[in-house]
Protein chains: 2
Amino acid sequence: MTAGNGRTATGDTVAKVVRQWQTVHPDLDTGPMEIIGRVNRCAALLQQAEDAPLRRAGLARPEFDVLGTLRRTGHELTPSEIARETFSSGAAVTKRLKLLTERGLVERRGDARDRRVAHVRLTDAGRDLVDAILPEQLAYERAVLSGVDADRQHDLAALLGELLIQLEGRLGAPRV
Amino acid sequence: MTAGNGRTATGDTVAKVVRQWQTVHPDLDTGPMEIIGRVNRCAALLQQAEDAPLRRAGLARPEFDVLGTLRRTGHELTPSEIARETFSSGAAVTKRLKLLTERGLVERRGDARDRRVAHVRLTDAGRDLVDAILPEQLAYERAVLSGVDADRQHDLAALLGELLIQLEGRLGAPRV
DNA sequence: CCGAGATCTTTCACGAGTAAATTACCTGCT
DNA sequence: AGCAGGTAATTTACTCGTGAAAGATCTCGG
């Protein structure tokens, strides 16, 4: 079937899967797979292998996301705001903040008026860490993407943005 | 520019994040985020909300992937082959097969020559389930994507395919 | 002013995935 | 033959995320 050399002779993994489905169910419209399947596969590959600079700093991606969120907004955030911003559950944020606090990367402060809420901010060490890692991480990502030429990267980014808007409107805010 | 709906005033979530970073670090090349950030976000949204037809059948996506793999290849597979094909660890496959066997969706058979290996195949019920769910799942996915017009879907699929080839070559098989 | 209900955060119990160790088996070398 | 080393699958111990409930506090109507 295949050329027999190491790589898939024709296209990517998803293309092969689609071809198999076509053989079994020739009348199936497999169009969605070619997008959704590829998005999932890309994300899996990226998440699995792509965070080398982060791991070197002893951080997992979700933890770094918390730090990054604090850094890029530039001000204190409450745990709920962080949860919303990082798309994760409150419970997960609680755990991450505990960890990051123990490592001295973030600090918390109670609200004077409303004692239910906490305010979280980066420590100097936390800010320095983000500023040190982020360029490395971006350089790493740039290397990973370097096989796709600049024009296509641009097109891809634009199309993904369009898709994301649809998904966010459709799945992220189903209630209006 | 606004969709009139007032949610995200300009672009998607990732665009907002990138803009925040530009404010804090104007000289940072955030190009990679526009692709990788969006891929991750799309995958998260899709995985979170997109598998309604599967959940209706009491299956999670990874379990369905096992069934789908068996169905589309059309023949028996060993657990290792399934693991390779679904990009997951052997341990995960063991657990999923246990579950799927209990539900009567797959069967196992020992190899006559090599008693270490097992051969897994779909039962009739398993095959019927896949054949019933897959069209629903694809219809659902088509609906999710329907906000993007057909030409762009095609372009997007092609560009994602190109990216995936790069990632698979670079991350999937780093060593020859 | 008081209590019902809402809101913010944390705790708890659990499910699912992983890496590493384990078990069982095969193969090739001497 | 017999053992060294490799491979297939499973088991084990652990991590991390989630939903649901709890705990603490606020707000507002009567």
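Chain identifiers are assigned alphabetically (A, B, ...) following the order of the sequence lines, protein sequences preceding nucleic acid strands; residue numbering begins at 1 within each chain.
The CG atom of B/Leu97 sits 15 Å away from the P atom of C/dA16 (whole-angstrom rounding). Taking atom CD of residue B/Glu76 and atom C1' of nucleotide D/dA8, one finds them 16 Å apart after rounding to whole Å. Note: CG (A/Asp114) to C1' (C/dC8) measures 7 Å, nearest angstrom. In this structure, A/Arg116 atom CZ and C/dC8 atom P are separated by 6 Å, rounded to whole Å. Straight-line distance from the CZ atom of B/Arg55 to the P atom of C/dG15: 15 Å, rounded to whole Å. Residue B/Gln47 contributes atom CD, which lies 15 Å from atom P of D/dG17 at whole-angstrom precision. Remark: P of D/dT12 and NZ of B/Lys98 are 11 Å apart, rounded to the nearest angstrom. Atom-to-atom, CD of A/Glu63 to P of D/dG17 comes out at 7 Å; the value is rounded to the nearest Å.
Judged by atom type and distance alone, A/Lys95 does not reach the base of C/dT11 through any side-chain donor-acceptor pair under 3.5 Å. With hydrogens and angles left out, the side chain of A/Arg115 and the base of D/dT25 share no donor-acceptor pair within 3.5 Å.
When side chains are defined from C-beta on, A/Leu129 does not count as touching A/Phe64, because their heavy atoms never get closer than 4.5 Å. Between B/Leu59 and B/Leu67 the shortest side-chain heavy-atom distance falls below 4.5 Å.
Listed nucleotides: D/dT11, D/dG19, C/dT10. Nearest to the side chain of B/Thr94: D/dT11. Comparing D/dT18, C/dG17, D/dG17 by their closest approach to the side chain of B/Pro62 singles out C/dG17.
A/Ala118 comes within 4.0 angstrom of the backbone, heavy atoms only, and of no base.
A/Arg108 has a side-chain polar atom (N or O) that falls below the 4.0 Å cut-off from OP1 or OP2 of C/dT10. In this model, the phosphate group of C/dG17 is approached by a side-chain N or O of B/Arg96 to a distance below 4.0 Å at OP1 or OP2.
Hydrophobic clustering of Ile, Leu, Val, Met, Phe, Trp and Tyr side chains at less than 4.5 Å, counting indirect connections, keeps B/Val106 apart from B/Val117.
With the nearest nucleotide of DNA chain D identified for both A/Arg113 and A/Ser89, A/Ser89 has the one nearer the 5' end.
If you check the side chains of A/Gln166 and A/Glu162, you find no donor sitting under 3.5 Å from an acceptor.
For the side chain to side chain contact (heavy atoms under 4.5 Å, CB included) test with A/Met33, the passing option among A/Ile35, A/Thr30, A/Asp29 is A/Thr30; the others fail.
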